[in-house]
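Step one of this worksheet: look at the structure below.
Residue numbers count from 1 along this sequence.
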Amino acid sequence: MLDFAIFAVTFLLALVGAVLYLYPASRQAAGIPGITPTEEKDGNLPDIVNSGSLHEFLVNLHERYGPVVSFWFGRRLVVSLGTVDVLKQHINPNKTLDPFETMLKSLLRYQSDSGNVSENHMRKKLYENGVTNCLRSNFALLIKLSEELLDKWLSYPESQHVPLCQHMLGFAMKSVTQMVMGSTFEDEQEVIRFQKNHGTVWSEIGKGFLDGSLDKSTTRKKQYEDALMQLESILKKIIKERKGRNFSQHIFIDSLVQGNLNDQQILEDTMIFSLASCMITAKLCTWAVCFLTTYEEIQKKLYEEIDQVLGKGPITSEKIEELRYCRQVLCETVRTAKLTPVSARLQDIEGKIDKFIIPRETLVLYALGVVLQDPGTWSSPYKFDPERFDDESVMKTFSLLGFSGTRECPELRFAYMVTAVLLSVLLRRLHLLSVEGQVIETKYELVTSSKEEAWITVSKRY
């Protein structure tokens with residue numbers, strides 16, 4: 001999540017630029033280990049570019065300097081935390097703003113948070129309840145969309161290669177648009193239009209914070225602004241339609257409309273959820289299937305659990321919650337794929353990590369991709385092993401990082417349920433198979449993806 005000159009290597013650089021643009025950081029390194037600026041103007045940006053991505057840069061930096069490191073973005077200090085122990089010292093469980101959502105709001109320049117703690121808490125609860133209610137109310141729709149994809153795959157000859165990334169993105173777009181914004185997106189053309197605008201916005205947000213390339217290109221800037229305007233126009237229309245009326249289908253946006261939010265807050269929260277959920281759901285589905293095709297014994301064990309719990313009867317949300325091994329497979333997918341490799345918070349007051357002082361208004365990165373494969377935290381960190389989550393302490397660590405439990409980001413919670421339903425529907429009828437000789441290379445961005453299309457084949461169980 002880019003193709004503009006030297007800054008094409010990572011969307012996450014845009015995140016850093018956006019947050020630092022909005023919140024100027026201290027210029028004092030405060031004795032924190034790290035590297036000095038390579039260039040006066042760009043800081044360590046050339047080093048990040050040469051590393052291939054911000055995640056890969058942080059991996060190297062933490063290997064050299066330890067769990068707390070510093071580098072420079074332009075003339076501003078950035079601190080990165082790379083172990084569970086130091087993250088524990090910085091994570092504040094009382095924070096009401098999710099760091100992933102905060103990043104996207106910064107990139108879109110949305111500024112509707114009031115600063116009032118109780119109001120932000122109320123808004124967060126509405127957001128979380130919106131996820132719960134839309135999943136519960138639209139479970140039958142989710143089954144229907146999963147079965148449509150199953151029918152498509154059943155129609156293929158066993159030798160046919162299936163473009164997994166393409167199909168998972170399409171499935172995620174249909175699921176998110178209909179469950180978040182309603183029946184308008186039963187029309188395939190509306191989904192295609194949304195996907196096109198979504199792709200334009202997702203690929204462009206934040207670019208101008210780095211090199212001003214968006215402002216310099218009249219054509220690109222107009223395409224971005226038109227796409228964002230079209231997405232916002234759709235949301236405004238739906239908000240207006242849903243206000244003061246009752247519908248048989250309860251969608252995500254209804255929970256916000258029924259809360260004490262103004263139209264701009266509803267628009268922003270729905271936009272953030274739509275943008276993020278589409279990508280997180282698509283990539284979680286993609287990586288889960290990739291790993292299942294690679295590890296046949298794990299796929300077999302998951303199929304056996306699905307068969308035992310679901311039998312031949314209908315799939316229900318209660319039955320999905322009983323799929324314990326399935327949840328472990330999805331957690332291990334998030335960990336091994338490093339699904340969201342970097343998160344961030346602004347240091348709003350001066351703080352201390354170990355012996356190091358973190359100056360006020362410093363951008364603090366959570367190097368989650370580093371932490372998720374830290375051998376000091378995970379046994380055999382590069383092995384895909386869902387059963388590691390049998391250990392309660394392992395799940396506790398995973399929850400601390402925001403990938404499960406009470407700190408779980410709402411977009412990921414949505415993706416977990418959608419992916420669990422899809423896998424249940426697919427594995428009941430199909431063996432998922434890898435394509436011999438295929439090597440899937442990883443592209444580390446705001447949400448981790450494969451560099452090229454990932455191909456699989458399928459065969460019928462019966």
Side-chain angles (χ1 to χ4, degrees), residues 125-152 167-195 198 231 234-235 237-243 245-259 261 266-267 269-285 288 306 310 313-323 326-327 330 408-426 428:
K125 292 302 294 182
L126 283 174
Y127 196 90
E128 292 173 345
N129 290 339
V131 177
T132 301
N133 293 334
C134 84
L135 285 170
R136 182 175 59 241
S137 301
N138 294 280
F139 193 80
L141 170 62
L142 184 52
I143 296 291
K144 174 177 173 288
L145 295 174
S146 300
E147 289 178 342
E148 286 177 359
L149 183 61
L150 170 66
D151 289 341
K152 177 184 283 189
H167 284 198
M168 294 299 98
L169 181 59
F171 169 75
M173 287 287 171
K174 287 182 180 180
S175 300
V176 171
T177 53
Q178 292 187 44
M179 296 170 71
V180 172
M181 294 174 283
S183 58
T184 297
F185 292 93
E186 291 175 4
D187 183 342
E188 189 96 9
Q189 292 305 311
E190 290 293 337
V191 177
I192 292 171
R193 192 175 297 113
F194 177 88
Q195 183 171 337
H198 178 287
L231 291 177
I234 292 169
L235 290 179
K237 179 182 177 183
I238 293 171
I239 291 167
K240 184 177 180 181
E241 289 174 350
R242 306 297 287 198
K243 277 197 165 184
R245 297 176 61 188
N246 293 318
F247 294 84
S248 57
Q249 179 194 20
H250 185 97
I251 56 176
F252 174 82
I253 208 169
D254 289 334
S255 294
L256 305 185
V257 167
Q258 293 164 11
L261 299 180
I266 296 170
L267 183 147
D269 285 356
T270 307
M271 179 71 78
I272 294 299
F273 187 77
S274 301
L275 286 171
S277 293
C278 283
M279 296 309 298
I280 291 177
T281 301
K283 301 313 174 187
L284 181 59
C285 289
I306 291 169
L310 302 179
I315 299 174
T316 65
S317 57
E318 293 77 16
K319 291 290 187 183
I320 292 293
E321 296 291 348
E322 293 178 27
L323 297 174
C326 182
R327 179 56 181 247
L330 296 182
E408 184 177 277
C409 105
E411 293 83 3
L412 184 57
R413 179 155 62 91
F414 179 91
Y416 277 142
M417 175 60 80
V418 173
T419 309
V421 170
L422 178 64
L423 292 179
S424 298
V425 169
L426 294 177
R428 269 178 147 185

What one should report as the nearest heavy-atom pair of A172 and C278 is CB-O, 3.6 Å
Could you report the tightest heavy-atom contact between L169 and A282, atom names first, then the distance? CA-CB, 3.8 Å
Can you find a heavy atom in the side chain of L310 that is under 4.5 Å from one in the side chain of S424? yes
Within a strict 4.5 Å, meaning less than it, do heavy atoms of the L145 and Q178 side chains meet? yes
Taken to the nearest 0.5 Å, the spacing of Q249 CD from N138 CG works out to 4.5 Å
Could you tell me if the side chain of M179 sits less than 4.5 Å from the side chain of S277, heavy atoms only? no
For V257 and K243, the nearest pair of non-hydrogen atoms, with its separation, is CG1-CG, 3.6 Å
Side chain to side chain contact (heavy atoms under 4.5 Å, CB included) evaluation trace for T184 with K237: CA-CA 11 Å; T184 297; K237 179 182 177 183; over 6 Å; no
From S274 atom OG to I234 atom CD1, the distance as rounded to the nearest 0.5 Å: 10.0 Å
Counting only heavy atoms from other residues, nucleotides and ligands, does the tally under 6.0 Å from CG of D151 exceed 12? yes
Would you call R193-E190 a salt bridge at under 4.0 Å N-O? yes
Evaluate the side-chain proximity of F139 to I320: yes if any heavy-atom separation is below 4.5 Å, no if none is. yes
Distance from E411 atom CD to R413 atom CZ, nearest 0.5 Å? 10.0 Å
Straight-line distance of L135 CG to F252 CZ, nearest 0.5 Å: 10.5 Å
Under a 4.0 Å N-O cut-off, is there an ion pair linking R245 with E241? no
Side chain to side chain contact (heavy atoms under 4.5 Å, CB included) between M168 and K283, worked out: CA-CA 8 Å; M168 294 299 98; K283 301 313 174 187; over 6 Å; no
For I315 and V425, which heavy atoms make the closest approach, and how far apart are they? CD1-CG2, 3.7 Å
Considering non-hydrogen atoms only, spot the tightest contact between M173 and V191 and give its length. CB-CG1, 4.1 Å
Heavy-atom pair of closest approach, residues L330 and L284: O-CD1, 4.1 Å
Working to the nearest 0.5 angstrom, can you tell me the gap between F414 CZ and E128 CD? 15.0 Å
Is any side-chain heavy atom of S175 closer than 4.5 Å to one of L142? yes
Can E408 and R327 be counted as an ion pair, charged N to O under 4.0 angstrom? yes
Taking the side chain from T177 and the backbone from K174, do they hold a donor-acceptor pair closer than 3.5 Å? yes
Within-4.5 Å side-chain heavy-atom neighbours: N133 and D254: no
Side chains of E321 and M417, heavy atoms from C-beta outward: is any pair under 4.5 Å? yes
With salt bridge (Lys or Arg N to Asp or Glu O under 4.0 Å) as the test, would you mind laying out the steps for E148 and K144 before giving the verdict? CA-CA 6 Å; E148 286 177 359; K144 174 177 173 288; 2.9 Å; yes
Please examine the side chains of K319 and T316, heavy atoms only from C-beta on, and report whether any two atoms are closer than 4.5 Å. yes
Aromatic ring pairing F185/F194, orientation class (parallel under 30°, perpendicular over 60°, tilted between): perpendicular
Show the numbers, then the answer: is there a side chain to side chain contact (heavy atoms under 4.5 Å, CB included) between I192 and Q189? CA-CA 5 Å; I192 292 171; Q189 292 305 311; 3.9 Å; yes
Value rounded to 0.5 Å, distance of OG1 in T270 from CG in L275: 10.5 Å
